[in-house]
Amino acid sequence: MKYISLLGATGSIGQQTIDVVRNHPEQFSLVALSAGRNIDLVRTYINEFKPELVSVHTKEDCDTLKSEFGHEHLTFMYGEEGLVAVAIYEKASILVNAVIGSVGLGPTLQAIEAGKDIALANKETLVTAGHLVMNAVRQAGVQLLPVDSEHSAIFQALQGEQEKNIERLVITASGGSFRDRTREQLVGVTVEEALNHPNWSMGAKITIDSASMMNKGLEVIEAHWLFDLPYEQIDVLLHRESVIHSMVEFHDSSVMAQLGTPDMRVPIQYALTYPDRLPLVGRKRLNLADFSKLNFAEMDFNRYPCLRYAYDAGKMGGTMPTVLNAANEAAVAVFLAGQISFLDIEMLIEQAMNRHQVIAHPDLTTIQEVDQETRQLIHTLLLKKR
């Protein structure tokens, strides 16, 4: 039995993690979880899985759940303190970090220090503080297992291989909601159009990042830290069908690819069962005969400037990836609220990066300060824009 703590239980990745746990009750037990504001779903999880610790976003929701379930042997917490408590919960052997945004960084670092293996779906943890996270993983001797489909694909392709033989990594990209539009056709696109992803079912923020290609840029930075490769050896390839989830090319020109239908439960379950595998209940199996062809194209950095910003930020290093991520999170939030246009997202990110003086080798406090300063800068730029 593997005991699991889960951050972000009611989000897209969180719910699919719950599916994996539900379908293999003999293998997994959910002992601690955190959630946002979807309290009805939290109630369902409490009744079904009987966790020992539950954390929610607000004190009000925490008090409500206490009044309803106070007779049971169950602890309720809220806010950042609750996130950390779930992350380091003593009984759990592995933490699934499925929250969105830089809020996942602190709990992850504390979980690593507590000796927990990490199944990581939170890109921002490695983007903003990859050097701190990977150093902590090495010192603690824990496993950091990728949950993103692209990084899981690379991780799977590298099983039995020697990293010294890697020529390059190829991360595939579906192209997102606007892959068939020119930049001129992006003027005036709506939030609803941006959220209409052709291949994957994801949360709102990740879907917008996919449309801007920032999602792939964050994945490039993440891959740099996970697989210890320079950015010059990490490529992005447009692949409309999302059948090949990523590839590894070796020095001898051999290419290893991981294929499958788009289903995030596959990388989630692999992270939880590694190095073993289990049958995936309800899985739609890949039949290549269903595809008359698979399409590939080089990435156009002029069409997708956010991808270029990510490469630039990663190569600059220091605090610049923190600025990239914080500016993007803030800009996407106001776009989803209908306050700016889609193309304003990249404009705000570029302005934030241009104004930042890089701090090399930042500690956690510096990263957190730069993150908040960048978000405030985006707010100031928006006020000026209006």
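Taking a cutoff of 4.0 Å between a charged side-chain nitrogen and a carboxylate oxygen, D148 and K123 qualify as a salt bridge. By the 4.0 Å N-to-carboxylate-O rule, K205 lies too far from E329 to be salt-bridged with it.
Cluster annotation: V96 is not connected to L280 through the hydrophobic network of ILVMFWY side chains, with a link wherever side-chain heavy atoms come within less than 4.5 Å. There is no path of hydrophobic side-chain contacts, each under 4.5 Å, that joins M247 to V266. Note: the hydrophobic cluster containing L336 also contains M214 (ILVMFWY, side chain heavy atoms under 4.5 Å, direct or indirect links).
When side chains are defined from C-beta on, H24 does not count as touching T273, because their heavy atoms never get closer than 4.5 Å. Residues T44 and F49 are not in side-chain contact: their nearest non-hydrogen atoms beyond the backbone lie 4.5 Å or more apart. Residues P146 and E219 have side chains not in contact (no heavy-atom distance under 4.5 Å, counting atoms from C-beta outward).
Using the six-membered ring where Trp is involved, H131 and W225 have ring planes that are tilted, between 30° and 60° apart.
If you check the side chains of T128 and N325, you find no donor sitting under 3.5 Å from an acceptor. With 3.5 Å as the limit, one finds no donor-acceptor pair spanning the side chains of D363 and T365. Remark: the Y89 side chain and the E52 side chain contain an N/O donor-acceptor pair separated by less than 3.5 Å. A donor atom on one side chain and an acceptor atom on the other are found under 3.5 Å apart for T319 and H356.
When each of E124, R375, Q368, Q372 is checked for a side-chain hydrogen bond (donor to acceptor under 3.5 Å, both in side chains) with S102, only R375 meets the rule.
Environment of CD in Q185: crowded, with over 12 heavy atoms of neighbouring residues, nucleotides or ligands closer than 6.0 Å. No more than 12 heavy atoms of other residues, nucleotides or ligands shown are found within 6.0 angstrom of CG on D228. No more than 12 heavy-atom neighbours from other residues, nucleotides or ligands sit within 6.0 angstrom of CZ on R37. Open room surrounds CD on E80; 12 or fewer heavy atoms of other groups in view lie less than 6.0 Å from it.
The CG atom of N97 lies 14.5 Å from the NZ atom of K116; values are rounded to the nearest 0.5 Å. To the nearest 0.5 angstrom, N122 atom CG is 7.0 Å from I100 atom CD1. The OG atom of S5 sits 11.0 Å away from atom CG of L83, with the distance rounded to the nearest 0.5 Å. Taking CG of L186 as the start and CZ of R303 as the end, the distance is 4.5 Å to the nearest 0.5 Å.
When every heavy atom of Q258 is checked against every heavy atom of Q156, the shortest pair comes out as CG-OE1, 3.9 Å.
Y231 does not carry K315 over the face of its six-membered ring by the limits of under 6.0 Å from the centre and within 45° of the normal.
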